[in-house]
Student: 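Sharing a structure here in structure tokens format.
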Amino acid sequence: MLSLYRPGDGWMHRMPAGPKLVGLAVVAVIVGAVPSTWAATVVLAVPLVLYAASGMGPIAGLVALAGAVWGLRWLVVITLGGQLLFLGVEPAVANTARVVAALAIAGLVPLTTRVSALLDAVERGLSPLRRLGLDPARAALLATLTITTIPVIARRMAEVRDAQRARGLRPSLVRGALPLLVSTLRHAENLGEGLAARGIR
């Protein structure tokens, strides 16, 4: 799956890919700098507003946000659990909220931007590095594939856990690591074959 794009006609869909990438990156940085006492409320409200007003429609946007957060649930458990042990409740909740909000905001890019537009924007942004021997087109393709593949791997994780439950097993990261690795490598192989068929080295 090369694209997670969801059609829409809202302001975020109409915004050029370059300014959108920069704008959402700035918002994510601001979210990360919000004081701990506000983080659990203000920080999580930012992606809520952005998704609802993204142009996918309020309901579809909130459903997409719920899917994004659900895909991060294990990251939330690990991040929150580890920090509760060493930092206490308030910093742990605040830091976890920042991470979830930043990743959810980043998830808006592939949802509201066509892959071709992402490629063009990243390639234009990297074009000054051509003098250093970097191929902007290849770098843009790599960056775009990375953005669009992360949610795919999250779905693979969900499929592995569902398969474990279907076999009467309790979902386990240890037992699920090998099936996830195999599934991810199979996806990468299919992706590589698809790119090769389109003449991309």
Side-chain angles (χ1 to χ4, degrees), residues 1-8 24 28 31-32 40 43-44 46-48 50-52 54 56-57 59-87 92-115 118-119 122 140-198 200:
M1 187 158 99
L2 286 173
S3 178
L4 300 172
Y5 179 73
R6 298 192 181 187
L24 290 178
V31 161
V43 165
L44 294 180
V46 173
L48 189 68
L50 287 176
Y51 272 78
S54 64
M56 293 181 283
I59 302 300
L62 294 178
V63 169
L65 175 59
V69 173
W70 179 250
L72 297 170
R73 60 191 180 278
W74 289 111
L75 176 65
V76 172
V77 170
I78 294 170
T79 304
L80 184 61
Q83 296 198 44
L84 280 173
L85 291 176
F86 301 104
L87 299 179
V93 172
N95 291 335
T96 303
R98 291 189 187 103
V99 170
V100 171
L103 291 175
I105 291 168
L108 270 173
V109 175
L111 286 175
T112 61
T113 314
R114 296 185 186 278
V115 171
L118 271 177
L119 277 169
V122 175
L141 178 62
L142 176 61
T144 304
L145 289 178
T146 301
I147 293 172
T148 57
T149 301
I150 290 173
V152 175
I153 295 176
R155 275 200 292 276
R156 301 283 185 187
M157 290 179 63
E159 292 171 1
V160 169
R161 287 193 296 271
D162 290 342
Q164 289 176 334
R165 292 191 185 96
R167 292 180 177 87
L169 300 173
R170 182 177 179 182
S172 167
L173 290 176
V174 175
R175 282 194 297 266
L178 183 57
L180 176 62
L181 177 62
V182 172
S183 176
T184 302
L185 290 175
R186 187 178 296 119
H187 169 74
E189 184 178 7
N190 293 336
L191 186 61
E193 290 176 354
L195 292 172
R198 289 165 175 78
I200 299 173

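Residues take their numbers from the sequence shown, with the count starting at 1.
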Student: Which distance, rounded to the nearest 0.5 Å, do you find between the CG of Leu108 and the OG1 of Thr113?
Tutor: 8.5 Å
Student: Does any non-hydrogen side-chain atom of Asn95 lie less than 4.5 Å from one of Leu80?
Tutor: no
Student: To the nearest 0.5 angstrom, please state how far the CG atom of Leu181 sits from the CZ atom of Arg186.
Tutor: 10.5 Å
Student: How far does CD1 of Ile59 sit from OH of Tyr51, to the nearest 0.5 angstrom?
Tutor: 16.0 Å
